[in-house]
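Throughout, numbering of the chain's residues begins at 1 and tracks the sequence. These values consider heavy atoms only, across backbone and side chains, with no hydrogens, waters or symmetry-generated copies. Note that ligands are numbered from 1 as they come in the structure, with each ligand's atoms numbered from 1 the same way.
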Amino acid sequence: MCGIIARIGHGDAAETLLTGLENLEYRGYDSAGIAVQNGSGVKVHKCSGEVSELKSQLEAHPNGNMGIGHTRWSTHGPPTDENAHPHTDTVGDVAVVHNGVIDNYDELKADLRSKGHEFESDTDTEVIPHLIDEYRAETGDTETAVRKTVSTLEGSYAIAAIVDGEEAVYAARKGSPLVLGLDDDEWFLASDVPAFLDYTDEVIYLEEGDLVVLEPDSYQITDLDGTPVERSSDTVDWDPEDAGKGEFDHYMLKEIYNQPTSLSNTIEGRASDGEVSFENLTEGTFSDVDAVQFVACGTSYHAAMYGGQLLRSAGIRTEVLRASEYESTTGPVDENTLVVAVTQSGETADTLEAVREATSRGARSLAVTNVVGSTAARTADDAVYIRAGPEVGVAATKTYSSQAVTLALLTQQIASDVPGGEPAADKATLLESLQDLPEHVEEVLESSQAEAVARERLDSQSYFFIGHGLGHSVALEGALKFKEITYEHAEGFASGQLKHGPLALVTDETPIFAVYSGRGDEKTKTNAIEARSRGAPIIAVGPDDHSLADAADTNLSVPDTHPVWAGLLANVQLQLVSYHAAKLLERPIDKPRNLAKSVTVE
Ligand code: AGP
């Protein structure tokens with residue numbers, strides 16, 4: 001939901017800013033812009049469209065050793081040149097990039113207009129450079145002006161500003177992420193680490209209310225009152241190679257094919273000798289928990305459904321709630337409730353808000369996330385990392401698999417800790433078969449017929465996905481992925497629900513992907529066969545040893561494994577179907593229209 005970057009150091013900044021913005025495009029790609037300072041004014045270049053459009057419009061890189069950049073996902077105003085960031089004050093001395101939403105921008109704008117400020121865009125952001133300008137005139141000092149500005153703003157922000165004639169970048173954050181990158185002779189600020197990972201892996205995750213002033217040879221972090229604060233640095237263990245596309249046409253395909261590796265990393269050291277152990281969660285961590293609530297959105301919600309079902313079957317009172325609906329759907333919460341935020345990015349506003357609400361009611365919190373130092377990781381009482389490595393494609397793939405595995409393992413630990421919890425009776429077998437999962441994913445990737453299936457069903461009217469039990473969440477995820485990147489209509493259902501309404505839509509133009517576990521999944525088999533007798537083509541997705549495979553038109557088979565892991569293998573097949581269908585339809589797979597990877601607005 002918008003990516004920002006800033007750089008100050010020796011040598012020109014423009015190239016670095018543009019590369020950084022390309023690495024942040026997963027956060028939004030409606031418009032892009034940079035502003036650089038070169039001693040003869042602040043130069044702003046911006047346009048609607050992707051960073052590639054901005055690059056093609058720049059005849060030569062503007063000179064200047066410091067600058068700011070932005071790639072946008074529109075909230076206030078359409079994706080036009082005028083609404084692209086950076087925004088400036090009336091005379092163009094102050095340039096600002098912003099990620100977040102300013103709730104009180106209307107009244108601030110009216111007030112500033114009455115003082116003679118002129119506005120050019122529909123954005124909420126534009127009030128920020130005008131406020132800085134106003135307070136500079138009042139106080140004669142830019143740092144004080146930035147401090148006054150951010151204390152006037154209501155809402156969320158990560159901002160970076162440059163000012164004509166000053167060798168400094170000013171930045172602040174509240175409610176939106178901002179990371180400081182430290183290199184030998186240059187500093188960076190960005191919404192996320194991949195923006196500057198080519199240059200440095202030493203980072204400081206800024207905290208709520210931090211205000212930073214970067215100068216070419218020094219930086220200072222203060223709180224909103226101006227008191228200096230110490231923040232320790234971390235070394236990021238992501239390889240810059242991980243953030244690139246490699247030999248693949250799309251990030252999504254690269255990330256699907258990365259799953260044997262990412263899953264091995266997720267599992268490593270956490271499931272050995274028949275026991276589960278997380279590095280930071282000692283035995284008994286959850287002994288006072290008597291109920292668990294999962295909160296999540298989108299794909300993470302489907303992973304949470306997976307984990308939730310396993311936890312329920314381990315005898316723990318469990319709710320799986322859509323984070324955006326938390327307030328209206330939660331049951332009673334108290335200090336014995338554990339709220340588990342499942343979020344790849346750790347920055348999803350709806351999920352963070354649900355955690356805030358749950359903790360304000362007394363719950364204890366745990367973040368299950370991929371991003372070290374993310375807001376979820378820093379604000380929850382505990383954090384477990386899914387260790388999937390960077391995921392750039394807007395459509396989540398490898399992170400879903402790593403989330404589901406992490407939650408399945410977490411379930412075993414919670415069930416062991418909570419009095420009355422019942423860890424799986426076949427826990428040793430479950431954990432042993434988990435070791436084979438990366439290899440089984442490899443087998444699916446090597447032998448999948450997903451491309452042929454996608455081609456055969458390409459001109460269908462609608463695509464249905466059904467599944468029962470753990471397969472239900474896989475069916476929902478399969479449908480979400482399909483609609484997200486193909487723009488075709490797709491719906492997921494619990495197998496048994498088909499006959500309660502959706503069957504009315506079934507024709508020979510509605511292929512049904514039936515996710516089945518291969519053992520005792522009679523509901524999926526029966527309902528798929530009922531739909532088939534109404535003309536629907538059936539694609540069975542699961543192990544071969546099930547009679548549904550014989551009744552189906554096509555099979556996307558997966559290796560035989562423990563039923564808990566079978567759904568994850570089926571999901572890999574469905575990821576490939578979506579990918580190939582979207583490719584055949586020539587969709588912009590990594591950047592589907594209207595979407596952004598990290599949704600930092602409610
Ligand atoms: C998945 O393909 C989507 N892009 C989206 O549903 C995503 O899973 C959701 O926005 C939640 O994101 P999070 O995991 O970063 O919280």
Exercise. Just one of Asn571, Thr299, Thr397 clears the side chain to side chain donor-acceptor pair (under 3.5 Å) bar with Lys481, so which one?
Worked result: Thr299
Exercise. Measuring from Arg387:CZ to Arg270:CZ, what's the distance to the nearest 0.5 Å?
Worked result: 3.5 Å
For this session: Please answer whether the main-chain N or O of Arg364 pairs with a side-chain N or O of Asp381 as donor and acceptor at a distance below 3.5 Å.
Result: no
Exercise. Tell me, which protein residue and heavy-atom name are nearest atom 14 (O) of ligand 1, and how many Å apart are they?
Worked result: Ser300 OG, 2.5 Å
Seminar exercise, completed: In ligand 1, the atoms that come under 4.0 Å of a heavy atom of Ala395 are 2 (O)
Problem set entry | Passing candidate, ring pair (Phe, Tyr, Trp, His ring centres under 6.0 Å) with Phe513, options Phe465, Phe493, Phe464 | Phe465
Exercise. For ligand 1, does Glu347 get within less than 4.0 Å through its side chain, its backbone, both, or neither, judged by non-hydrogen atoms?
Worked result: neither
Seminar exercise, completed: When distances are taken from atom 8 (O) of ligand 1, the protein heavy atom at minimum range is Thr299 N, 3.1 Å
Exercise. Would you find more than 12 non-hydrogen atoms of other residues, nucleotides or ligands less than 6.0 Å from Glu327 atom CD?
Worked result: no
Exercise. Can you list the ligand 1 atoms lying under 4.0 Å from a non-hydrogen atom of Lys481?
Worked result: 1 (C), 2 (O)
Problem set entry | Polar atom proximity, Gln344 to ligand 1 (N or O, under 3.5 Å) | yes
For this session: Return yes or no for this condition: an N or O of Leu480 is under 3.5 Å from an N or O of ligand 1.
Result: no
Problem set entry | Nearest-neighbour protein heavy atom for atom 3 (C) of ligand 1, which is reported as residue plus atom name and distance | Glu484 OE2, 3.1 Å
Problem set entry | Which residue and heavy atom of the protein sit nearest atom 9 (C) of ligand 1, plus the separation | Cys297 O, 3.7 Å
For this session: Measure the distance from atom 15 (O) of ligand 1 to every protein heavy atom, then report the residue, atom name and distance (to 0.1 Å) of the closest one.
Result: Ser345 OG, 2.6 Å
Exercise. Quick one: does NZ or CZ of Arg593 land under 6.0 Å from the six-membered ring centre of Tyr487, within 45 degrees of the ring axis?
Worked result: yes
Exercise. With distance as the sole criterion, is a donor-acceptor pair present between the side chains of Glu347 and Ser374 under 3.5 Å?
Worked result: no
Exercise. With distance as the sole criterion, is a donor-acceptor pair present between the side chains of Ser401 and Gln259 under 3.5 Å?
Worked result: yes
Problem set entry | For atom 10 (O) of ligand 1, the protein heavy atom that lies nearest, with its residue and separation | Val599 CG2, 4.0 Å
Exercise. For ligand 1, is there an N or O atom under 3.5 Å from any N or O atom of Lys597?
Worked result: no
Exercise. Ion pair present between Lys254 and Glu247, side-chain N to carboxylate O less than 4.0 angstrom?
Worked result: no
Problem set entry | Test item: side-chain donor near acceptor, Gln403 and Ser300, under 3.5 Å | yes
Exercise. Identify the closest protein heavy atom to atom 13 (P) of ligand 1: which residue and atom is it, and at what distance?
Worked result: Thr348 OG1, 3.2 Å
Exercise. What about Thr351: any of its N or O atoms under 3.5 Å from an N or O on ligand 1?
Worked result: no
Problem set entry | Under 4.0 Å to a heavy atom of Ala396 - the qualifying atoms of ligand 1, by number | 1 (C), 2 (O)
